[in-house]
Amino acid sequence: MLKKLLSLPIKHRLLILAGVAPLALLLAFAPFVFEVLEQPFYLRVASRILVFALAASSLNLVLGFGGMVSLGHAAFVGIGSYVVAILAWHASNEVPLSLGPFVIAGTTDGLVAWPVAILAAMLSACIIGAISLRTSGLYFIMITLAFAQMIYYYAVSLQQYGGDDGMRMRGRSILPGLDLSNRTTFYYFALASLALCLIFLFCLARSRFGLVISGIRQNETRMRALGIEPYPYQLTCFTISGAIAGFAGVLMVNLDSFVSPADLSMARSSELIAMILIGGVGSLWGPLLGAGFYILGQLGLGTLTTYWPLFFGPALIVIVLFARRGLVGLFVPGRS
Amino acid sequence: MLPILLEQTLNGLQLGVTLFLLASGLTLVLGIMRLVNLAHGSLYMVGAYVAFTVQPATGSFLLALFAAVIATAILGAVLERFLFEKLYSRGYLEQVIVSFGLIMFLDELVRVVWGPLPLPAAIPDMFEWSIELLPGLLYPSYRLVIIAAGLVVSILLYFLVTHTKLGMMVRAGASDRRMISALGINIRDLYTAVFAGGAALAALAGTMAGPIYSVQIGMGEAILVQSLITIVIGGIGSIRGTAIAAVLVGITDTLGRVFLPPGISQIAIYVFMTIVLVWRPRGLVPAHA
């Protein structure tokens, strides 16, 4: 990225610096700023933006980078959230959880619950991807939506875990050496997670695997002619994305102490897509900018008027119609 | 057992024709304009709200139906000209988000105009009686009227698409839109007409189904997903496939809710769609593309 940055004209370099530097400073010092301003609520909002940015980044991997338009990604986020919440529920009620022949104890230990949650999301993504990737284009959009709806209705039917109303989680997951119930600690944890995820995606994009995925997006026929079968690459990409989405879900349920079927609805999947589109499809920073714009925009309009969707909906439409490359497009010059 | 089966099959058929009215507009717009309009369900909602505002005011169900169809067709034409037309050259991604923004806007608009509570929607007086189909099985006549009306509209639509000049242009548009515009057909007006027609059918579905389901905010979203499933199973762009799929989805969903355990019952149609797509990735009746 540095090489690419240095090869750009000085004007563009300054533009990017002008955009990224304040953002990075703001993110690093947000807790202090809000502490000084005595606005702890906004720290929560900032954490929310980071967690949504993580979820949107996972979707961006398949959608922006791999060219697979999935309309059901909230399901993987939701699976991550539900697994953590359900394990915590069994721990606090001291009821063992029976899964067919296996009976396991609930847990609030992050070192146990989180890998299980991520694994569950990853496995679901692998199975759903294996079936969905047999189709393409519009049919792919619809089949991912259909699977997400199945999981949504399954969550609604879980009466034991609140059904339609969702379930609360008493207290956050316990990690050794980290007190996640402290909001500043949680914020930095979310920030570090997002940073690691972005670094991972950055490296992935430049690896051989990333080049193949990008090639499939640009011209599938040509990749086939080069002797590369797209399916296993796409499925791997989809599965990795599911795992990251599951991790975002883990953080989300810890942030809100609550999860409900609405968290895996089609509306939530659309929100994630909207964040990516607002920020810039396929760009590393796009999901973060998009999530920030989306959440702050909703919040800002919400304080002005109770009828905020009346303005937010058209605003989304205008952004999609006129800002073709999203917010990132304002800072970074056109791709060659 | 038999009376329940008959009753629920008829209910399924009634859901099926409602789905067909929605899905036929959706599949034509998708097949011809390559446009994913997730806000199609909102047109269904707007139609129902207009109808059940006019009905109490005038006391006439037919007048209400007429007003709903005309108003929604106009709304559809306006949306097509000023919004969706700009999206034909864009990807599905942008279309999904624009329609998501539109759903947000229309839902809130309905909340502002009509309030957050469901709108009372009564079955028209002339159909407030039941027929004894089998000994002990009373079936509401209104549902039979929906089935009959749906079938009539379906047959008319089928005739329109397969046997008229307009239908020929529409089908030609679905196969090769550049070619028909090269043949001197005003593709812009044709698109607007198809979109307005789809909106009118959505309003018709919303009005007829209003007294059975509920006229409320968000009513469009649930049925939209079912209609999307219908067109995918049928094969996008195919009216015949959509008709077959609508009946299959309607009956599967309704019987599933009665005979399958909760949790699985709502999932039945999604499983059905997955099986169809694994077996035939382009739907039951693939349209020539």
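Convention: sequence-line order gives letters A, B, ...; per-chain numbering from 1. Every heavy atom of this structure was used, including side-chain atoms; hydrogens, water molecules and symmetry mates were not.
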J.: In Å and rounded to the nearest 0.5 Å, what is the CG to CG distance from A/L71 to B/L38?
T.: 6.5 Å
J.: With heavy-atom distances below 4.5 Å as the criterion, would you say the side chains of B/L83 and A/L321 are in contact?
T.: yes
J.: If we define contacts as heavy-atom pairs under 4.5 Å, which of A/I317, A/V318, A/I151, A/L316 has the most with chain B?
T.: A/I317
J.: At a heavy-atom separation under 4.5 Å, does B/V278 approach chain A through its side chain, its backbone, both, or neither?
T.: both
J.: Based on non-hydrogen pairs under 4.5 Å, which of B/V225, B/I231, B/I229, B/I103 is most in contact with chain A?
T.: B/V225
J.: Can you pull out all donor-acceptor pairs below 3.5 Å that join chain B and chain A?
T.:
{"from": "B/R90", "atom 1": "NH1", "to": "A/V320", "atom 2": "O", "distance (Å)": "3.2"}
{"from": "B/R90", "atom 1": "NH2", "to": "A/L321", "atom 2": "O", "distance (Å)": "2.7"}
{"from": "B/I236", "atom 1": "N", "to": "A/Y139", "atom 2": "OH", "distance (Å)": "3.1"}
{"from": "B/V278", "atom 1": "O", "to": "A/R134", "atom 2": "NH2", "distance (Å)": "2.9"}
{"from": "B/R282", "atom 1": "O", "to": "A/Y139", "atom 2": "OH", "distance (Å)": "3.2"}

J.: Say you draw a straight line from CG of A/L63 to CG of B/L93; how long is it, rounded to the nearest 0.5 Å?
T.: 5.0 Å
J.: Please look at A/F147 and chain B and tell me whether the side chain, the backbone, both or neither of the residue comes under 4.5 angstrom of a heavy atom of that chain.
T.: side chain
J.: For the CD1 atom of A/I143 and the CG atom of B/L228, what is their distance to the nearest 0.5 Å?
T.: 13.5 Å
J.: How long is the gap from CD1 on B/I97 to CG on A/L277, to the nearest 0.5 Å?
T.: 5.5 Å
J.: Looking at B/M273 and A/A146, what are the two nearest heavy atoms and their distance?
T.: CE-CB, 3.7 Å
J.: Under a 4.5 Å heavy-atom cut-off, does chain A meet the side chain of B/I233, its backbone, both or neither?
T.: neither
J.: With a 4.5 angstrom heavy-atom cut-off, is it the side chain or the backbone of B/L30 that approaches chain A, or both, or neither?
T.: side chain
J.: Counting C-beta onward and ignoring hydrogens, is there a side-chain heavy-atom pair between B/V36 and A/L138 closer than 4.5 Å?
T.: yes
J.: Can you tell me how far the CZ atom of A/F312 sits from the CZ atom of B/F105, to the nearest 0.5 Å?
T.: 14.5 Å
J.: Taking everything shown except A/F140 itself, do over 12 heavy atoms lie less than 6.0 Å from its CZ?
T.: yes
J.: Side chain, backbone, both or neither: which part of B/L106 has a non-hydrogen atom closer than 4.5 Å to chain A?
T.: neither
J.: Check whether more than 12 heavy atoms from other residues, nucleotides or ligands sit under 6.0 Å from atom CE of A/M122, and answer yes or no.
T.: no
J.: Report which part of A/L310 has an atom under 4.5 Å of a heavy atom belonging to chain B: side chain, backbone, both, or neither.
T.: both
J.: Can you name the side chain to side chain contact (heavy atoms under 4.5 Å, CB included) partners of A/A120, sequence neighbours left out?
T.: A/I79, A/V83
J.: Side chain from CB out, backbone as N, CA, C, O: work out which of these in A/I273 comes under 4.5 Å of a heavy atom of chain B, or both, or neither.
T.: both
J.: Measure distances from A/V320 to the heavy atoms of chain B and classify the residue's part below 4.5 Å as side chain, backbone, both or neither.
T.: both
